[in-house]
Amino acid sequence: WGIDGHFSICRIAQLRLSKAAADAVQELLPESANGDLASVCIWADRIKFRYHWSSALHFIDTPDSLCTYQYDRDCKDEAGEKGRCVAGAINNYTSQLLSYKTQRSHSEYNLTEALLFLSHFMGDIHQPLHVGFTGDRGGNTIDVHWYTRKQNLHHVWDSNIIETAEGKYYDFSVEGLVDAIQTNITKEWADQVEEWEKCSSDEVACTEIYASESIQAACDSAYKGISEGSTLAEKYFSSRVPVVNLRLVQGGVRLAAVLNRIFG
Ligand code: DCM
Ligand code: DCM
Ligand code: DCM
Ligand code: ZN
Ligand code: ZN
């Protein structure tokens, strides 16, 4: 996701934290965040160039046209190093943060960075094209037009659909989008929230579920009907914006659930 996607997910999440998780987040956030998780959720993208090792941790490449995800098969970087993908990163930073309960500021890890990475990667794993095909780099090599503008398909899903929705419905405001999603959590999504929060077993984060849903949505929605040079406009926008909203709300609800399990 771009800035507004990550901002929305973290704003939704912070409002759902238990007392214990809210206190821990408050203590771990950098001064510059002023207590606001959403303001620093884009941090992991900004430091990709300084922490070069981290750039492979934002996504998973899955086999072309297969539309499935398997950790053992797919979670590796381009050099084939196992665990170096967004699912592996979520597991890693989750386990680092579990040391907070016993170690607090004496942990061997930088738990501020762990919190910022986890909050960002819980967002990215919900972006369908961050679990896209290998051959097109999650849609990055698919050139399209977004209305009249040249874009690539990945960027359309990171940013353009969200920004177009903000312009059309919320007076160009990300806060407006977040408020609408919040309202819908108590309405059209009310009976699904509990299911989203659940993990299959005794896991803290269920990356298998999040990533499998993403590649399924990539195939059923993002890639569907697309070819090189396609023009995407009103019809694509209006049919895909519900999918984007769903992935944003699931990302936010699940980030909160994971933080609540870590610090609870
Ligand atoms: N930050 C921090 N401690 C860390 C990582 C980040 O205080 N371990 C803060 C400093 C900045 C913001 O996050 O306000 C972005 O960091 P950077 O300057 O590295 O982009
Ligand atoms: N920040 C952000 N989006 C912006 C501007 C800032 O998420 N458009 C966040 C990221 C930084 C924090 O605010 O970690 C403060 O950044 P810094 O202290 O590096 O200026
Ligand atoms: N990305 C992805 N899958 C890849 C490569 C990149 O999902 N195989 C993501 C990471 C960034 C965006 O696409 O969000 C652009 O990546 P880059 O800046 O590496 O081109
Ligand atoms: Zn992206
Ligand atoms: Zn990212």
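All figures in this text were calculated on a predicted structure; none of them were measured in a lab. Ligands are counted one by one from 1 in listed order, and the atoms in each one are counted from 1 as well.
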**Student:** At the Zn ion (ligand 5), what angle lies between atom ND1 of His58 and atom OD2 of Asp124, rounded to 10 degrees?
**Tutor:** 90°

**Student:** Are more than 12 heavy atoms from other residues, nucleotides or ligands located less than 6.0 Å from atom NZ of Lys168?
**Tutor:** yes

**Student:** For the Zn ion (ligand 5), find the closest N/O/S atom belonging to His120 and write down its atom name.
**Tutor:** NE2

**Student:** Would you say His6 has an N, O or S atom lying under 2.8 Å from the Zn ion (ligand 5)?
**Tutor:** no

**Student:** Taking just the N, O or S atoms of Asp45, which one is nearest to the Zn ion (ligand 5)?
**Tutor:** OD1

**Student:** Counting from 1, what ligand 3 atoms have a heavy atom of Asp158 closer than 4.0 Å?
**Tutor:** 14 (O)

**Student:** At less than 2.8 Å, would any N/O/S atom of His154, backbone or side chain, sit next to the Zn ion (ligand 4)?
**Tutor:** yes

**Student:** Are Lys48 and ligand 3 in contact, using a heavy-atom cut-off of under 4.0 Å?
**Tutor:** yes

**Student:** Is the closest heavy-atom distance from His154 to ligand 3 below 4.0 Å?
**Tutor:** yes

**Student:** For ligand 3, indicate whether the residue Asn140 contacts it via side chain, backbone, both or neither (heavy-atom separation under 4.0 Å).
**Tutor:** side chain

**Student:** What atoms in ligand 3 come closer than 4.0 Å to a heavy atom of Leu129?
**Tutor:** 7 (O)

**Student:** Find all atoms of ligand 3 within a distance of less than 4.0 Å from any non-hydrogen atom belonging to Asp61, and give their numbers and elements.
**Tutor:** 3 (N), 4 (C), 8 (N)

**Student:** If we check side-chain contact (heavy atoms from CB on, under 4.5 Å) with His155, which of these qualifies: Asn160, Val144, Asn140?
**Tutor:** Asn160

**Student:** Using ring-ring contact (aromatic ring centres under 6.0 Å, His included) as the criterion, point out the one residue from His130, His6, His126 that pairs with His120.
**Tutor:** His6

**Student:** Look at atom 13 (O) of ligand 3 and say whether a protein heavy atom is found at less than 4.0 angstrom from it.
**Tutor:** yes

**Student:** Answer yes or no: does atom CZ of Phe172 have more than 12 heavy-atom neighbours from other residues, nucleotides or ligands under 6.0 Å?
**Tutor:** no

